[in-house]
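Throughout, a chain's letter reflects where its sequence line sits, starting with A, and its residues are numbered from 1.
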Amino acid sequence: MKYRNTFFLVLSHIVCLFIGYSWLHKSNTSNATEVTEQSRQSTAVFTSSSSDSAQLRTIKDWKSGEFSKAWQAMKSGRYSRAERRKIQQNLITQWACVDFLSAAEAVLGEEWDDVSTEGNSGTTLLSSLRPAMRNDIEGVWQILANHDFGVGRGKLLRAWLDEAYNNNPQCLLSHFTELSWRDREWNGDRILSRIYQKQTPPQQEETWKMIFQMPEGTFSYNVLSSNYLVGKQVSRDDLQNQLQQASEAKNPMLAKTLAYAIGQRLVLESPQGIHDRLMDIPSEYRKQALESAWSDIDRYENFGPNHPLSEKNNELRKERILSVADTLIENQAWDVLENGNSVNKIHTLAKINDVAAADWATHLPYQESTVELFHRSVETYLKNDQEGSKNWIASIPNGSWRDRAYGEYSQQALRSHNDLAASQWALAQISDPAFKVEATSWRNEWKKNHHVSDGN
Amino acid sequence: MNRKLIPYLATHVAALSVGFFIAKNSVAKEEKISAPKLSQVSSHRAASRNQNDDGKDLLKAFIEQSDIADRTYEELKKSLPVTSDLKQAFVDAFAAYNDKNISFFEKEKRSAMADVRLLHWLRADGKSALDFLQKSHVTWTSLDWHEPNKTRDHQHSPICDYIREKGVIPSIPEFAKNTYYYDDLNKIALEEIKNGGGMSSYLAIKKALQNQHMQLLSSDDTFSETFIESAAKTFQEKDRALLLNYLQNNKNPNDASLLVNSFAQTSPENFAWAKSLKGQHAVDESVYGMLDYTQNYIESLFSKDDLQKRVQLLKKPNQSVEDTYKEIVRNDVKEFLNGDTDWCYCFRNGTASVEEIIKAAKEKYASSSGDGEKYFYNYLYKNLAEENPEKALQVLEGMNEKDRREILFDSTWNNFARIDPNIFLRAMQLLPEPITPQEKDYRTKGWNWKARWLFNDLGEDYVTWVKQMPDGIDKDTAMYSLVWATRERNPAKARELEKQLYPNKK
């Protein structure tokens, strides 16, 4: 009897539990919002419209394996290209939200053609991964950093950089030091300006603190300087004071950023003025000011004929270019001189006075970082004055630069004058046997490309 | 009350509450859309190796469910009751759509709901609804901007339905100032013209637009140029009289010229009619400027089966006959491969053989046989080699050795743009030993030409890939071109890279 009572007691409690569950569940279902109700009805209609797939779960419940099977199944079907792309894009969009890694691998296993280059409208398969990227910028970064996608990772990374820039610039900044130099170079300016747009001044201050603790070279000083001073009205004296404070506070990257800012417009001063200004900057930060002045030098070309450094005032431009270029040598700023932009500055000088550019180059120390610049500095003169430049080369002290000048003479004889004999003559003047082999190989390359044979 | 009953009642009420609690939690769990979890391990490779037969059913179900937004929209158009506060209903539905924490499918359905709410509002008070959209323009476009994969054209469906129901001409005043919906107005206008309205409908719409000072159907605008061409391509023989009248009395020779030129493309008969007008009717000579210029092209459209005639018609003054053949066949191959069947995709996945593809092309394109055959095989190989270079070699079987080698070496630099470099490498390794200076040059030119974009598109991953290439001429050339491409951007980094790639070089 006692057991019987206990049994009924337990049973009645279970019944109550069940009633409670059913009641609320039913009530919740019937009180669901209009949108959800309509959505459920719609799904029911569509699921029941297909007798073959009635047993299949709705796609919103699919696991990665189901997307993968559907993806594979596409391969045995036949579609027009537009149909196929549309189905694949939809699959990838949703698959990537469930399992980004698998969806990304599937995309990279397809053709990589950019649809826009085919002249069709629409989007690429790769862009179908973007909504999922957007949902979890950090998570996708972790996948890109830790999974071996092969060479296709580069494509994913480019898309991630865009999405991170647009949706989570702070996350992009936090991984900035992990990017390659090339990606940093391409994204540095835009990420800093994006942060500036999105952050309040106190947040910006925190961000700058973080940036100034990053390894040197993460951002170029050009990028740092232009973004750091956005919206700040500061005179040159202010900059000088701030530089002093940064130097005392042992914040070298800020000091260099400010030195770079001081370097701007430096070329507008006389050679003596440039020298004096530089002396005001502590020697360890002087290079950034020079780099800035060097980069600034051909900015004024199109400022109109009245500007002192416009194209009309060639003598003054020559003087300023040489003044900064000499100071770069004095300060041993080889990395600045090696930068590709230096060639543009020297070509500007060579256009004004080709001998001056060639002469200047002979003052460079002979080292790996200056070789390319030497060739580019002398080429205009050697091209323009094939006869006169022979004496000029002979006047260079015996050594590597003289050999290099003959090597370049040989190249210019071929490229600009199709003069095989002059080229051969110049090669014969080279005294270093190893360099002679190298210079001869340039000549042979030219002959091969121009299907020329002179028996040598 | 019996005191003994109180604990009984209390525990039963408690059980009922527990039931409530469980139910509430389970409902909450169902409705909550969890943020996507990003697995660090791919299940795709394993699944690819272990395919089950249910893939086709899954794919079928996916396709059926994918157009859920369009189907929901059509369904709700019939069933959704109209509410009293139309604006609020639309704003609420749009806010529900805009919820970031919903799944793709839920978003699609909610977009359909918002669209139907908008349609209700448009039907009742089009002006207010359009004014509201105009003011919200930035929000709407920015939403669309970030949804490249949305399956439907959000909000354009109700606008198009509204114009369709009301008629284009009565709708024009409302759209005069709302440039964002010109596309929709154009689309429905074209529908009206195509569905029997013809030239008279075109003229009436144009007049209504001019009354509102809208430039929509004037050839001054590139988009409208396309519209005028599309409209004229739907005209039929019955429209000739009206068209002639328009040409004779036109005030805008550009519009007239576009109309007659496009109409001429609809059939050989209409082409002959258009040409016959010249000199026989009082039509300004300038109207025929475009027709004079394009008549060879139009005639070539009606001569698809005669390659030689197409070459005669399409050869440009400074173009060689051979280059003309090449251009025609290249375009035909492209059209064929992108037509009803995506042959490249089938070929890549092994569901179409070279034989089948050639057979299908020859059935459809005269240019793939006779004088065009050599060029056809050239372009077919170049397209298929990007999918599967080994199997694509079959295309060149039976071709004489000289032509075969020419195509193979030419493709190294004229082909394989923006694809997986692994496929390019496979193709390069299938090349025969180069003999002539040109072959030797082309052997390296391919890598040189691709280095810049490979480096730009793939960055350091391309550098890593090059370092891991198998030793040989391809690796040597890829390394050389990579250093060159890097030097263009950063000479110091190029020097570092050179040291990594050539550690023994002094």
Side-chain angles (χ1 to χ4, degrees), chain A residues 13 16-17 20-21 24-25 28 35 39 42 46 50 52-53 56 59-60 64-66 68-70 72-76 78-81 84 87 89-90 93-94 97 99-102 105-106 112-114 117 123 127-128 132 135-136 139 143 151 153-154 180-183 335 338 340 368 372, chain B residues 12 15-16 18-20 22-24 27 36 38-40 42-44 47-48 51-52 55-66 71-72 75-76 96 103-105 109-110 113 148-149 151 338 340-342 345-346 349 351 418-421 457-462 465 491-493 495:
Chain A
H13 277 82
C16 280
L17 194 79
Y21 178 87
L24 188 69
H25 197 267
N28 267 329
V35 172
S39 308
S42 309
F46 303 139
S50 162
D52 290 343
S53 56
L56 296 167
I59 299 164
K60 75 182 174 70
S64 183
E66 284 157 314
S68 178
K69 284 177 186 172
Q72 289 297 325
M74 281 211 69
K75 295 180 179 178
S76 56
R78 290 205 170 171
Y79 315 86
S80 69
R81 179 167 288 196
R84 192 256 299 177
I87 299 168
Q89 282 166 3
N90 286 339
T93 304
Q94 292 159 69
C97 288
D99 178 358
F100 181 85
L101 199 161
S102 299
E105 280 190 338
W112 289 8
D113 302 41
D114 193 340
T117 63
T123 50
S127 67
S128 305
N135 280 348
D136 189 356
I143 290 175
V151 66
R153 177 186 171 275
S180 70
W181 65 268
R182 177 189 162 284
D183 290 325
D335 52 343
E338 190 181 15
E368 270 184 357
E372 181 66 20
Chain B
H12 279 83
L16 204 67
V18 171
F20 266 128
I22 295 170
K24 198 173 177 184
V27 170
L38 299 177
S39 161
Q40 300 282 331
S42 165
S43 59
H44 176 57
S48 306
Q51 269 297 295
N52 290 327
K56 282 184 185 168
D57 290 338
L58 287 164
L59 180 60
K60 191 177 169 197
F62 181 85
I63 294 169
E64 280 169 2
Q65 291 183 48
S66 286
R71 296 168 75 172
T72 307
E75 182 68 23
L76 291 177
S103 69
F104 175 85
F105 277 93
K109 286 186 280 185
R110 290 187 186 190
M113 169 69 84
N149 298 298
T151 55
N338 289 322
D340 297 340
T341 303
D342 186 349
Y345 182 70
C346 295
N349 292 302
T351 56
R418 309 195 93 84
I419 66 162
D420 182 346
D457 272 19
L458 304 169
E460 287 304 297
D461 293 287
Y462 179 61
W465 183 82
K493 294 291 177 188
R495 205 149 42 77

When rounded to the nearest 0.5 angstrom, what distance separates NZ in A/K75 from OH in B/Y345?
6.0 Å
Closest approach of A/V151 to B/P421 (non-hydrogen atoms, all atoms of both residues):
CG1-CG, 3.8 Å
Rounded at 0.5 Å granularity, tell me how far CG in B/L59 sits from NZ in A/K69.
13.0 Å
Engaged part of A/R182 at the chain B interface, taking heavy atoms whose separation is under 4.5 Å
side chain
Looking at CE of A/M74 and CD1 of B/I63, how far apart are the two atoms once the value is rounded to the nearest 0.5 Å?
6.5 Å
Hey, could you give me the CG/CZ distance between A/N90 and B/F62, rounded to the nearest 0.5 Å?
5.0 Å
To the nearest 0.5 angstrom, please state how far the CH2 atom of A/W112 sits from the CG atom of B/D420.
4.0 Å
The reported gap from CZ in A/R81 to OG1 in B/T341 (rounded to nearest 0.5 angstrom) is 12.0 Å
So, the part of B/D457 with a heavy atom under 4.5 Å from chain A: the answer is both
I'd like to know if A/E372 and B/R495 make a salt bridge, using a cut-off of under 4.0 Å between side-chain N and carboxylate O.
no
Please check if the number of heavy atoms outside A/D335 that lie under 6.0 Å from its CG is greater than 12.
yes
Tell me the closest heavy-atom pair linking B/E460 and A/S180, and the distance in Å.
CG-CB, 2.9 Å
